[in-house]
Amino acid sequence: MLETAIDRKQLLTHLENLLQSRRTRDYCPNGLQVEGRERIHHIVTGVTASQALIEEAIELGADTLLVHHGYFWKGEDQRVVGIKKERLKALLQHDINLIAYHLPLDVHPELGNNAQLADLLELETTGPIDPLDPSTPGSIGKLPKAMTAAEFSQWIASKLDREPLHIGENEDIVETVAWCTGGAQGYLQLAVDAGVDAFITGEINEPAVHLARETGTHFYSAGHHATERYGARALGQHLETEFGVKVTFVDIDNPV
Ligand SMILES: [Zn+2]
């Protein structure tokens, strides 16, 4: 089979039209972050552009890395030293493009992390998590059926292949839910305000435990990585279908 290749510019234009990153306020640059080859034959998708993911991409002979968590975060040390030097060196030496979409990949209504998580957990979306600012990533909705909080924990574990940390009474019944993938523990109050039974996100912090207990809102910390695996993978599948270019999803396990 002849391998299909596309121009980087064509790919970036397509991604930009699809994800509308210029309309999203974000704390990292979206789109092309590190420039590599002009012709793209093989894209590796993954959650985070860590050294391990770069090494995999090199091993697979890929020319492009497409991730949710790229580099150049607002407020980070701007110097090219330490692990940042090593990562950039590996990418530049192998002429690999690094393309990253952060919030635009959280919120896309079909391919985004939140939409993909809802599909996986069979959640029915009924509205945005923040009705006053619908651009806030996250949704509210319903479970496929009412179940005990412990059963829902098992449901999440079976779908994400990772046991969530659950705060709440096991025998309570949960049916309505709010969710936001990644590190959205700060959105628990939005779930409380929405009056849902449970909130799912990737990470948890100390004050969130008290807020959950004192409002009776079940908290499921299901893993930042685990909840954000699906957007990059879905975006890659979309590109494969659209352009016939080779795409490989690489999951570098992360317990958090
Ligand atoms: Zn994230």
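Just follow the structure's listing: the first ligand is 1, and inside any ligand the first atom is 1. Here, residue 1 is the first one in the sequence, and each next residue gets the next number.
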Which donor-acceptor pairs under 3.5 Å do the side chains of residues 235-243 make with protein atoms, sequence neighbours left out?
{"residue": "His238", "atom": "NE2", "partner": "His14", "partner atom": "NE2", "Å": "2.8"}
{"residue": "Thr241", "atom": "OG1", "partner": "Gln237", "partner atom": "O", "Å": "2.9"}

Review point. Does the ring pair (Phe, Tyr, Trp, His ring centres under 6.0 Å) test come out yes or no for Tyr27 and His102, once each step is laid out?
Key: CA-CA 9 Å; Tyr27 32 97; His102 181 236; 5.3 Å; yes
Practice item. Please list, in chain and residue-number order, the protein N/O/S atoms closer than 2.8 Å to the Zn ion (ligand 1). Key: His69 NE2, His224 NE2, Glu228 OE1
Review point. Would you say the side chains of Asn113 and Asp106 form a donor-acceptor pair under 3.5 Å?
Key: yes
Review point. With sequence neighbours left out, which residue pairs that include part of residues 77-100 fulfil the salt bridge (Lys or Arg N to Asp or Glu O under 4.0 Å) condition?
Key: Glu76-Lys84, Asp77-Arg79
For residues 180-194, please give each side-chain donor-acceptor pair under 3.5 Å, one per line with the distance, not counting sequence neighbours.
{"residue": "Thr181", "atom": "OG1", "partner": "Glu228", "partner atom": "OE2", "Å": "3.1"}
{"residue": "Gln189", "atom": "NE2", "partner": "Asp193", "partner atom": "OD1", "Å": "2.8"}

Point to revise | Any donor-acceptor N/O pair, Asn205 side chain to Ala208 backbone, under 3.5 Å | key: yes
